[in-house]
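Since we're looking at a predicted model, the values are computed, not measured. Order of the sequence lines sets the chain letters (A, B, ...), proteins ahead of strands, with each chain counted from 1.
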Amino acid sequence: MTDLDKQYNSAQVETKWYSLWESRGYFRPASDFVTQSTVPSPQFLDKTQKKSGDRGPSPRDSRYVIVIPPPNVTGMLHMGHALNNVIQDILVRWNRMKGRDTLWVPGVDHAGIATQNVVEKKIAKEKKTRWDLGREKFLEEVWKWKHEHGSTITRQLRRLGASCDWTRERFTMDDGLSKAVREAFVTLYERGLIYRGNYIINWCPRCQTALSDEEAAHKDVQGGLYHIKYPIVKSPSPGFQPPSSSGRGGREGVGIDHIVVATTRPETMLGDTAVAVHPNDPRYKHLIGKKVVLPLMNREIPVIADEFVDPEFGTGIVKVTPAHDPNDFAMGRRHKLEQINVMTPDGKINERGGVYKGMDRFEARKKILQDLEEQGLFVRRDSHLHAVGHCYRCDTVVEPYLSKQWFVKMQPLAEKALKAHEQGKTVFFPDRWTKVYLNWLRGIRDWCISRQIWWGHPIPAWHCRACAESTDHRSHAMDPGLSTVDTMKGIIVARETPKECPHCQSKDLVQDPDVLDTWFSSWLWPFSTLGWPDKTGDLKKFYPTSDLVTAPEIIFFWVARMIMAGLEFLGEVPFHRIYIHGTVRAASGLKMSKSLGNSIDPLEVIEAIGADALRYSLVMLSAQDVYLSREKFEVGRNFTTKVWNACRFVLMQIQDLESASTDAGQFKRLELSLPNRWILSRFEEKAAGVERLLSQFGLAQAAAELYHFVWDDFCDWYIELAKPMVQSGDVPPQSVGGQAALKLQTQKVLFFVCERILRLLHPFMPFMTEEIWQRFKEKATGRMSLPHVSSGNPGRGSPIKAFGDDEKNEWPESIMFAGWPHDGPKHFYDAEAQKAIGLLQDAVSGIRDLRARFQIAPTDKLKAVIVCKEKGAREVLTAFEREVKTLGRLAELQCVRTFEKKGAMVANAFPSFDVFISVEGILDLEKEKKRLGKKIRETEAWIKSIRKKVENPSFAEKAPKEILEKEKEKLEDAQKLLLSYKTQLTSF
RNA sequence: GGGCAAUUAGCUCAGUUGGUUAGAGCACUUCCUUCACACGGAAGGGGUCAGAGGUUCGAAUCCUCUAUUGCCCACCA
């Protein structure tokens, strides 16, 4: 058996094990390796399966499936990815160890706009635009880019240790998923849930495409609310006359000859087709039906009345621009107003904007205000804070824009999702996200799915020119009287490219130029990756998946839509539990981003301290939003180092152990020493706690539990207690036989517990635990799984049976299949040992405290007396004489019932005993008296507070018995302490 | 304008269904390079759990209000 290196070499270990794991197929589900007949019966559409609810996958659930939130193909691993994937990997590795048929499906998203932007930037360096290349050539460029750079992110995920089944890796633009997208679109169309029409959508003038409501991120912007005069037309109208600037009309919104409107986007006035007031607004009632002159354009437009207008806001008069504002659009339809689009797709004023034609929208705003001012029509600018939509990809201010787009009717889909939730089929962790999800579903709006970019899934719709010519589509935009929804005449929606028009047999067909929103492929992810729409084995076996792990930002974009798609296309929710973890932020509270220069690169951290340390740090911080700084990774680094050294020590101590076994049956409780019984008992407790926490996504707490168990219990106490047992130098000559047996059992327990600790830690720190565990395996079996990167059959050893089973050293190839060490009954629970070690810890701490307080050098061998107030305590501490002496660095120790103090001695008091040491010559009597006085006051206060509680009749009456007992015990302990303090004080 | 979080030691945060003399990590003070580990060991100081009410035998924990911060949603031009 080889020793561990003094220093853990993370880089070497990580590459070695990851490539071995992957090449041997360890990440693939177990069912890939067994014959069809033995595959556990699929739960696909199993109606008897009830809400697995909040207690996690039931023990009988033999599968565990997660689909990865596919990172963008343009993505570079950032801390958000790291956190998300570390959490998934912990869950996946844990479930795999539990013996479930475990699958984590990885993949990458084609990220329409983001990717197109990247490639456009690239060709811009050659001074080319996508239009220069043309659609086909440009798409070739994108694919080329994808093949060259698209695997960066998946390589980086491997560095984290993510145990995804890479043989099932998918891309949202691959053939299978493209087929799924067409199937979904056509199915929705056939169900009447897809329509096409003219609406105001969010338009990004930079990306030159429509955006969904979710993609237009609203940000508060300090803008202007501009007040502008619109002259009233005298009737009968002789034509426009410049207004007199008197304006002595008094009321702000209306003068003798003009009204005043307020707007935040003055440039859109070029497309005004009315102004509106509230029908009951007494100030303006008389204006309804009159006309005003639209300044600059010199067009006459009507004053209409509409309930939408809020009389309280601005002047109570609003300009109406149906082509550039969603509310105005709705008003326009109610009043059959003309829609005048005054902008080009790239955000410039078009030919309908008169002299402003060709100006950028913001430039035009300035010029228009300037012109109004010159004409005396500009009243004032109020500073105004309002929400403005920004493109979530490029942050450009979004323009509400009238255009023809494809939509999905969402109401029917949302209703199914709401019903599924009522039936308990979707459970959010933490629960508060449920409300966010439900509120969005209840207020759902139709989903604009067409995008005017080139990189994406083409819409499976074809236009027949012959049929189209028989309808005048172009008139729709200008004729508000017609329905905004297209008749679909001349449009063929089909799974396969049609050869001819089914109506007129014309072969002159052209595919719709738009592509689908990226999320239209993402929302199919949980089943498209498994082969849908084909009825594949994977789909049967692995759908629905178990859990979804993601960040809150994409609950609407992705989570909610996946649920709706799963229900719509497969009749079942795609996952039962949704774990929403925190957002990663910089320590400043801002979002981490490269552009802000506050990001920490996970790969740099991995290189510096290893993936395991990164993982552990992230998880420990993940109880809520994660605020990161470099120092925060020290927790994980320190802990991984601690684990490494503890295991190194254990391996050194068991070198001469011949029968190293993981069989729990090897231990007979009564033959074990108290420390051995104690650590076995503590381990069992902690394993159960970790199990419970993991099953409800309490990863941070689980990591903390393990951290403290390993560090405090195992390293600080157990290993220290074991040292004298296993290190032969200390053997008292009078008990050689017993000592040899004690050494052997301690070695066995060290091996046994440490090996199980490695398994508990494995999901959190996979690399280091594998590396060390292989040494344990080598110790036990004389061989290890050599890290040859072979392409042979992915053989697996049979997993070690669950805790408590008869294990015959059948070690699997990897710790990944070593089984999860907590499935069995309580083997080692031991109240007696726990109590005994508690006493030992008190005694040792008491001595150490005295040593430190009186500055007694560690080399000074000291004499201590423990005065036991209880018989039980005396027995235990007498038995631990050697341990107490070693850990307290004592030359001599006496455990007595009664004690006559001689000379200058000081003590620490505990409920069942007091520890004394001799401090001849260094005792500051006054200081010690003061200290005791303080202790006495504290203890008296404590006693008083317990008394108050215990002696309250209604406490005795209403509190549970066990609490009452506990309080009484506390009171007794406190009284014993007080007595000790007082005795000491009087003895000075 | 609505909703949701957070507010606990100098800093970063844990605190399960109310029962603790309120915990951890970092930082700090003292001691220690003893043969697993100085990315370590031992000991220690430090908090009226944001504020005010309330429920309860008992509240950091439940309720109400207030303050501060952050996030999400929202068509008020």
At under 4.0 Å between heavy atoms, what does [X] touch on the DNA or RNA strands: base, sugar-phosphate, or nothing?
| X | value |
| --- | --- |
| A:C715 | base |
| A:R265 | nothing |
| A:D716 | sugar-phosphate |
| A:D849 | sugar-phosphate |
| A:N952 | sugar-phosphate |
| A:F639 | nothing |

As a test of reading the structure: which of [options] is closest to the side chain of [X], going by heavy atoms?
| X | options | result |
| --- | --- | --- |
| A:F556 | B:C72, B:A77, B:U30 | B:C72 |
| A:Y707 | B:A74, B:U21, B:G25 | B:G25 |
| A:R445 | B:A74, B:G3, B:A43 | B:A74 |
| A:D325 | B:C39, B:A77, B:A36 | B:A77 |
| A:P960 | B:C76, B:G19, B:A36 | B:G19 |
| A:H708 | B:A24, B:A36, B:A43 | B:A24 |
| A:K642 | B:U20, B:C31, B:A36 | B:A36 |

Query - Ring-face cation of A:K934 near A:Y981 (centre distance under 6.0 Å, axis angle within 45°) - result: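 No, cation not above the ring by the 6.0 Å, 45° rule.
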Requested in this report: Please determine if a side-chain N or O atom of A:K6 lies less than 4.0 Å away from the OP1 or OP2 oxygen of B:C37.
Outcome: yes
Query raised in the report: Do the side chain of A:E720 and the base of B:A36 come within less than 3.5 angstrom through a donor-acceptor pair of N or O atoms?
Result: yes
Query raised in the report: Relative to each other, are the rings of A:W440 and A:F556 parallel, tilted or perpendicular (30° and 60° limits)?
Result: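 The arrangement is parallel - the two ring planes meet at less than 30°.
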Query raised in the report: Salt bridge check: are A:R931 and A:E928 linked by an N-O gap of less than 4.0 Å?
Result: yes
Requested in this report: For A:K319 and A:T268, test the side chains for any donor-to-acceptor distance below 3.5 angstrom and give the result as yes or no.
Outcome: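 A donor-acceptor contact under 3.5 Å links the two side chains.
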